[in-house]
Amino acid sequence: MTLDVLIVGGGGAGCVLAARLSEDERTTVGLLEAGPDYGPFDPRRWPAELLNARSAARGHDWDLEAPPCCARARVIGGSSAHNGCWATLGAPADYDAWSKYSNGVWDYQKLRPHLTDAIETLRVRPVPEQDQTRWHHAVIDAARELGLPFLDDINDESAREGIGWVPLNAVGATRWHTGFAYLDPARNRPNLRILSDSLAVRLVIEGDRATGVVAVRDGQEYTVTAKHVILACGTYGTPPLLMRSGVGPEHVLKELGAPVVLRLDGVGENLVDHSSLGLMLDPLDALVGEMPNAAESYFAQTVVKARSSQADDSWDIHIVPSAGPAEDAQGFYTGPLSAGLYVFVMSPRSRGTVRAASLDPAASPKIDHGFFTDAQGYDQKVILEGIELAHDFARTERLSGLTGLTPWSAAEREPTAVLAAASGYWHPVGTCAMGPADDPMAVAGADGKVHGLSNVYIGDASLMPVIPRANTHLTTVAVADRLAGLLLEGALR
Ligand SMILES: Cc1cc2nc3c(=O)[nH]c(=O)nc-3n(C[C@H](O)[C@H](O)[C@H](O)COP(=O)(O)OP(=O)(O)OC[C@H]3O[C@@H](n4cnc5c(N)ncnc54)[C@H](O)[C@@H]3O)c2cc1C
């Protein structure tokens with residue numbers, strides 16, 4: 001049977017696309033996912049770590065050998081099923097910046113209803129009072145000492161600078177990911193098929209059309225045929241799939257040994273994540289008293305939105321105060337308390353790349369974030385101002401009673417040291433960015449359609465041309481939701 005639409009990748013975006021597109025009962029939809037599908041929400045079937053919103057979950061990671069900032073999950077729900085559940089919005093200006101890449105099709109006003117819908121559907125609510133730790137109350141006191149306002153709702157459009165409790169997409173202590181929020185209500189529809197444990201190898205392309213996708217399950221290759229294919233393998237997964245299919249920059253395809261089916265220079269370019277550095281603090285005995293049930297609390301609960309000297313009228317820095325049981329480099333808990341103030345550049349200018357490392361779909365992609373490499377040194381300026389502010393926090397009367405500070409030396413502020421210590425925020429976007437066909441870095445049009453192909457679309461976080469100054473889950477969900485609507489009104493009619 002030939003499906004009307006095959007969605008490749010059942011993650012944050014893929015589950016939303018599958019749910020929305022299958023609302024139209026005339027449209028047959030397939031959702032192909034490399035990882036397992038544990039079925040509808042059921043605590044007896046879903047692994048506890050994926051359900052536990054209070055801590056990191058790494059058991060379904062694609063590659064635990066990769067640097068921690070390259071984490072992504074292989075399971076229905078994708079990274080939405082193992083993420084931190086922080087549900088924040090960017091500034092309106094971030095979404096308005098998409099307008100010039102889409103001839104006005106995408107801007108804040110057009111996306112706002114979908115963001116609001118995502119907040120409702122993902123059942124977003126603030127950190128419950130009983131979960132709020134005294135450490136985070138202390139950080140709020142410290143912000144007050146520094147003259148930073150408390151924000152009742154950090155997602156309010158007027159909340160441009162200050163500190164607040166983070167909104168979470170969690171029900172009780174359960175991570176409420178897109179698999180539960182979107183896919184579950186659609187699971188029983190006769191026009192929706194979920195093809196789990198199926199790794200997409202390549203698209204089958206004839207002329208300017210994809211006729212289907214070759215996937216491998218239990219070591220056996222099979223082909224799913226479809227009239228339309230939507231790629232939602234995530235920012236790290238979608239470009240390698242296109243490259244294995246012969247679509248991408250010519251030199252990259254040749255190096256890979258892939259046929260050059262379609263030269264598209266932007267595939268895998270424009271990688272952007274919020275670059276970061278951490279100021280580690282020494283927990284004092286007094287902190288132990290403030291954290292009686294550390295392992296049972298949300299690790300990070302508050303966020304500071306701050307403005308550097310480079311900012312417009314809204315924040316360009318996040319500071320994430322964190323205290324909880326220590327973790328190893330892969331995010332697994334290792335024991336006693338650790339504390340830190342993590343600083344993120346929220347409107348970074350540096351860009352990186354994602355490339356397929358091999359024609360083998362199981363091979364991890366080559367990821368170069370390019371953190372802190374923009375030619376003007378803008379990102380370095382912003383992070384160092386953020387690190388200064390983090391020092392100010394640590395020196396407040398309230399925090400200095402709980403944690404010790406070893407101030408950064410001049411050597412730690414040197415560009416080479418900043419580069420060596422750089423990390424991200426788990427928010428990669430942009431590697432198949434939307435933009436006009438005459439922009440060599442643009443991969444897809446405003447309707448998500450890949451330039452040069454008549455029935456292949458980009459549906460995930462890789463489509464964003466500009467990163468919002470926010471955790472990216474809500475925006476990804478809103479993008480997929482809006483895209484589904486555009487496709488149902490347009491190409492799928
Ligand atoms: C550790 C971590 C913590 C995060 N914390 C937060 C947070 O607190 N708040 C927030 O807003 N955002 C957070 N994020 C980011 C957020 O989860 C992502 O923005 C969002 O999930 C992106 O959705 P996506 O659909 O583009 O990609 P994903 O959700 O990663 O989905 C991609 C899907 O495609 C599948 N796939 C990939 N390749 C193939 C293939 N070849 N064949 C078949 N299937 C394939 C994957 O298995 C996966 O299911 C976090 C991310 C990570 C990794």
Side-chain angles (χ1 to χ4, degrees), residues 6-18 31-37 53 55-58 60-62 66 68-90 118 122 124 166-170 175 177-179 195-203 213-217 224 230-242 244-245 273-274 298-300 303 318 320 330-331 356 360-365 424-432 458-464 467-468 470-480:
L6 176 65
I7 300 153
V8 188
C15 290
V16 179
L17 287 158
L31 179 64
L32 186 130
E33 164 58 40
D37 176 16
S55 68
R58 302 299 301 276
H60 288 71
D61 214 290
W62 273 77
C69 64
C70 298
R72 57 188 177 123
R74 179 174 174 153
V75 62
I76 280 288
S79 303
S80 166
H82 80 164
N83 73 16
C85 298
W86 281 36
T88 68
L89 297 177
L122 289 165
V124 173
V166 165
L168 300 166
N169 54 291
R175 181 180 283 108
H177 59 74
T178 56
L195 305 158
S196 60
D197 301 297
S198 297
L199 178 64
V201 179
R202 63 184 173 278
L203 304 175
V213 172
V214 177
V216 58
R217 185 184 167 133
V224 188
I230 306 179
L231 304 182
C233 294
T235 298
Y236 299 143
T238 291
L241 176 56
L242 279 170
R244 291 195 297 273
S245 313
D273 187 358
H274 302 119
Y298 294 95
F299 197 71
V303 66
H318 266 188
V320 175
Q330 296 298 346
D360 174 1
S364 289
Y425 203 174
W426 295 313
H427 298 150
V429 306
T431 52
C432 288
I458 306 296
D460 57 23
S462 69
L463 183 65
M464 295 182 208
I467 194 166
N471 311 78
T472 43
H473 187 221
L474 273 184
T475 303
T476 305
V477 167
V479 165

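As the structure lists them, so they are numbered: ligands from 1, and atoms in each ligand from 1.
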Legend entry - side chain to side chain contact (heavy atoms under 4.5 Å, CB included) partner of Val224, chosen from Val214, Leu32, Val8: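 For Val224, the side chain to side chain contact (heavy atoms under 4.5 Å, CB included) test succeeds with only one of Val214, Leu32, Val8, which is Leu32.
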Consider ligand 1: state whether an atom of it lies below 4.0 angstrom from any non-hydrogen atom of [X].
X: Ala215; result: no
X: Arg202; result: no
X: Val75; result: yes

Numbered atoms and elements of ligand 1 in range of [X], under 4.0 angstrom, heavy atoms:
X: Ala232; value: 32 (C), 33 (C), 34 (O)
X: Gly84; value: 3 (C), 4 (C), 5 (N), 6 (C), 7 (C), 8 (O)
X: Cys85; value: 7 (C), 8 (O)
X: Arg244; value: 41 (N)
X: Gly234; value: 26 (O), 27 (O), 32 (C)
X: Ser80; value: 17 (O), 21 (O), 29 (O)
X: His427; value: 12 (N), 13 (C), 14 (N), 15 (C)
X: Gly78; value: 29 (O), 48 (C), 49 (O)

When you compare ligand 1 with [X], is there at least one nitrogen or oxygen pair between them that comes in under 3.5 angstrom?
X: Gly12; result: yes
X: Thr235; result: no
X: Ala200; result: yes
X: Trp62; result: yes
X: Val8; result: no
X: Asp460; result: no
X: Thr472; result: yes

Which option wins on minimum heavy-atom distance to [atom]: [options]?
atom: atom 26 (O) of ligand 1; options: Pro240, Ser198, Ala461; result: Ala461
atom: atom 48 (C) of ligand 1; options: Ala71, Ala73, Ser462, Gly14; result: Ala73
atom: atom 25 (O) of ligand 1; options: Gly35, Ala13, Cys70; result: Ala13
atom: atom 32 (C) of ligand 1; options: Cys233, Gly9, Gly77; result: Cys233

Check: [X] side chain, [Y] main-chain N or O, donor-acceptor pair, under 3.5 Å:
X: Ser198; Y: Ala215; result: no
X: Arg175; Y: Ser55; result: yes
X: Arg72; Y: Thr235; result: no
X: Arg244; Y: Arg202; result: no
X: His82; Y: Ala57; result: yes

Which value, rounded to the nearest 0.5 Å, describes the distance between [X] atom [atom1] and [Y] atom [atom2]?
X: Cys432; Y: Leu241; atom1: SG; atom2: CG; value: 9.5 Å
X: Ile7; Y: Cys233; atom1: CD1; atom2: SG; value: 11.5 Å
X: Asp360; Y: Leu199; atom1: CG; atom2: CG; value: 8.0 Å
X: Leu203; Y: Leu242; atom1: CG; atom2: CG; value: 6.0 Å
X: His427; Y: His473; atom1: NE2; atom2: NE2; value: 10.0 Å
X: Thr472; Y: His274; atom1: OG1; atom2: NE2; value: 7.0 Å

In terms of residue, atom name and distance, what is the protein heavy atom nearest to [atom]?
atom: atom 16 (C) of ligand 1; value: Asn83 ND2, 3.9 Å
atom: atom 31 (O) of ligand 1; value: Gly11 CA, 3.3 Å
atom: atom 15 (C) of ligand 1; value: Trp426 O, 3.2 Å
atom: atom 44 (N) of ligand 1; value: Ala34 N, 3.1 Å
atom: atom 8 (O) of ligand 1; value: Trp86 N, 2.9 Å
atom: atom 49 (O) of ligand 1; value: Glu33 OE1, 2.6 Å
atom: atom 30 (O) of ligand 1; value: Ser79 OG, 2.7 Å

Inset, instruction - Decide yes or no on side-chain contact (heavy atoms from CB on, under 4.5 Å) for His318 and Asn471, but give the supporting numbers first. - result: CA-CA 10 Å; His318 266 188; Asn471 311 78; 3.9 Å; yes
Inset, instruction - Check the pair Trp426 / Trp86 against side-chain contact (heavy atoms from CB on, under 4.5 Å), numbers first and verdict last. - result: CA-CA 12 Å; Trp426 295 313; Trp86 281 36; over 6 Å; no
Inset, instruction - Would you mind telling me if ligand 1 is within reach of the side chain of Thr476, the backbone, both or neither, using heavy atoms under 4.0 Å? - result: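 The answer is the side chain of Thr476.
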Legend entry - Ile76, portion touching ligand 1 at heavy-atom distance under 4.0 Å: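 No part of Ile76 is near ligand 1 at this cut-off.
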Legend entry - Candidate pair Leu31 and Ile76, rule side-chain contact (heavy atoms from CB on, under 4.5 Å), full reasoning: CA-CA 10 Å; Leu31 179 64; Ile76 280 288; 4.1 Å; yes
Legend entry - Residue pair Thr476 / Ala461: nearest heavy atoms and the distance that separates them: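 Looking at all heavy atoms of both residues, the closest pair is OG1-CB, 3.7 Å.
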Legend entry - Trp62, CH2 atom: more than 12 neighbouring heavy atoms under 6.0 Å: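 Atom CH2 in Trp62 is crowded, with more than 12 foreign heavy atoms closer than 6.0 Å.
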Inset, instruction - Apply side-chain contact (heavy atoms from CB on, under 4.5 Å) to Leu122 and Thr178, showing your working. - result: CA-CA 7 Å; Leu122 289 165; Thr178 56; 4.3 Å; yes
